[in-house]
2 protein chains.
Amino acid sequence: MLLSKSCVYGVQAAIYMASLPRNEYVSIQEIAGKLNISFHFLTKVLQNLTQAKLLMSYRGPNGGVALARQASDISLADVIEAIDGGDIFKECLFGLPGCGVADPCPAHENWTSMRSRLQHLCTSLTLEELGKRANQLNVRLANADAPMNPAMLLAVMNSKNKPVGTE
Amino acid sequence: MLLSKSCVYGVQAAIYMASLPRNEYVSIQEIAGKLNISFHFLTKVLQNLTQAKLLMSYRGPNGGVALARQASDISLADVIEAIDGGDIFKECLFGLPGCGVADPCPAHENWTSMRSRLQHLCTSLTLEELGKRANQLNVRLANADAPMNPAMLLAVMNSKNKPVGTE
DNA sequence: TTGTATTAAGAGTATTTTGTCTGAATAAAT
DNA sequence: ATTTATTCAGACAAAATACTCTTAATACAA
Ligand code: SF4
Ligand code: SF4
């Protein structure tokens with residue numbers, strides 16, 4: 001797979017946050033519940049995003065995470081790079097280090113053109129755009145094969161969606 | 001990484017074989033030596049390719065593996081699918097199972113168009129083409145960071161490149 | 001001040017991927 | 001026949017990745 005699972009989870013969570021009517025602190029429990037991801041694992045993944053200043057976090061009751069910038073100012077590539085590292089768009093199909101036009105392998109040109117298309121796609125897709133689509137279409141973000149456990153269900157039902165700055 | 005390491009090794013080996021002047025049995029020792037891959041590991045990888053009828057193998061002295069079809073009749077996609085499975089070109093950026101236009105995620109259209117480009121690239125790149133380029137350009141196939149061990153060096157030096165069908 | 005809801009940090013476990021090794025089977029060469 | 005060079009098959013080990021759990025730190029609420 002191109003992206004690690006951690007990265008997929010992070011992207012899903014980011015889009016979920018961007019799809020909310022307002023930018024507000026959402027508990028990771030709620031996100032994990034909606035997206036059907038392990039809460040503890042998602043917590044660690046989202047820590048990468050807060051450290052990369054893409055999210056801001058707030059501890060204590062009614063805390064959670066929220067987008068640190070405007071959704072229109074965060075690209076899919078930002079999220080991917082924060083979790084999987086910037087090499088995704090630089091490395092090769094064949095994963096060989098230190099290659100380039102000076103010493104290329106036989107697929108170099110085809111691959112680099114492919115890769116730059118991918119990078120362009122990811123940098124031009126903003127969370128705003130993705131969140132909007134997630135709302136407009138009746139769209140699915142997460143893998144829905146496992147049922148929610150009671151704790152998550154509760155967390156989702158109790159989510160108050162309290163806007164940022166109203167506390 | 002998009003492709004597993006096994007898959008990368010298999011692709012490299014396939015291109016190496018296609019780059020030879022004639023299609024002939026080459027020992028896996030020689031390939032592993034030239035490409036700087038663990039012999040035993042490459043052996044297992046190439047077994048996938050023989051089982052997929054992309055290679056034919058021959059045991060005993062002067063044995064080895066050779067392309068089972070014309071290099072022009074084997075695509076990069078053939079090799080990739082034989083090792084990593086056919087899902088590579090079907091699965092998603094996000095790796096979610098069973099999704100499609102009926103129940104898409106917000107990035108679906110962008111991704112599927114990307115993915116079909118990739119698939120088209122891989123199915124249209126033949127081993128003949130790649131082998132030819134590997135010869136024309138002074139091209140590198142393998143990761144050259146570790147020195148060869150004596151056994152491999154020997155195997156490479158002793159390679160007789162005996163053509164298929166001359167025994 | 002005490003209890004509760006939350007993220008932060010990190011140790012620990014499980015699973016998958018990658019790599020190593022050993023012993024067979026096979027066929028050529030001597 | 002025996003030795004040698006090779007692939008085949010599969011057990012085993014190591015490393016990377018994915019996931020779980022426990023304990024803190026923080027901040028709100030009663
Ligand atoms: S030369 Fe290009 S295609 Fe080949 S391994 Fe390097 S980056 Fe990839
Ligand atoms: S809907 Fe499309 S882009 Fe989204 S997860 Fe499925 S295949 Fe991927």
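Proteins get letters first, then strands, A, B, ... in listed order; numbering begins at 1 in each. Worth knowing before you read on, the calculation uses all heavy atoms, side chains too, and leaves out hydrogens, waters and symmetry mates.
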How many whole angstroms separate atom CZ of F39(B) from atom C1' of dT20(C)? 12 Å

For the base of dT7(D), is there a side-chain donor-acceptor partner from R59(B) under 3.5 Å away? yes

Can you name the residues that form a side chain to side chain donor-acceptor pair (under 3.5 Å) with T50(B), not counting sequence neighbours? none

Want to settle it: does H40(A) or P61(A) sit nearer the 5' end of DNA chain D, counting the closest nucleotide to each? H40(A)

For G60(B) and S57(A), take the nucleotide of DNA chain C holding the closest heavy atom to each; which residue's nucleotide lies nearer the 5' end? S57(A)

Of all heavy-atom pairs linking H120(B) and S124(B), the shortest is O-OG, 2.8 Å

Starting from P on dT4(D), measure out to CD on Q29(B) and report it in whole angstrom. 16 Å

Starting at CG of N48(B) and ending at C1' of dT7(D), how long is that distance when rounded to a whole Å? 14 Å

Atom-pair distance (CD1 on I83(B); P on dG19(C)), nearest Å: 13 Å

L46(B) near the nucleic acid: base, sugar-phosphate alone, or nothing, with a heavy-atom cut-off under 4.0 Å? nothing

Name the closest nucleotide to the Y58(A) side chain, picking from dT6(C), dC28(D), dT6(D). dC28(D)

Under 4.0 Å: is that the gap between some side-chain N or O of Q51(B) and OP1 or OP2 of dA9(D)? yes

Tell me, please, which residues at least two apart from S4(A) pass side chain to side chain donor-acceptor pair (under 3.5 Å). D84(A)

Taken to the nearest whole Å, CG/L42(B) to P/dC8(D) is 11 Å

Taking only residues two or more places apart in sequence, or in another chain, which ones meet F89(A) in a ring pair (Phe, Tyr, Trp, His ring centres under 6.0 Å)? none

Below 4.0 Å: OP1/OP2 of dT7(C) and any side-chain N or O of Y25(A): no

Under the side chain to side chain donor-acceptor pair (under 3.5 Å) test, which residues partner D73(B), sequence neighbours left out? R69(B)

Go along nucleotides 11-18 of chain D 5' to 3' and tag each nucleotide: B for a protein heavy atom under 4.0 Å from its base, S when only backbone or sugar atoms are that close, - otherwise. B------S

Can you see which heavy atom on M17(B) is nearest to which on A66(B), and at what distance? SD-CA, 4.3 Å

Partner residues of L125(B) under the side chain to side chain contact (heavy atoms under 4.5 Å, CB included) criterion, sequence neighbours left out: N110(A), L76(B), L121(B), E129(B), L130(B), R133(B)

Euclidean distance, atom CD1 of residue I28(B) to atom P of dT20(C) [Å, nearest integer]: 15 Å

Atom-to-atom span, CG of L54(B) to P of dT7(D) - whole angstrom: 17 Å

I31(B) CD1 to dT7(D) C1', in whole Å, measures 12 Å

Among the nucleotides dT7(D), dT4(C), dT20(D), which one has an atom lying closest to any side-chain atom of S38(A)? dT20(D)

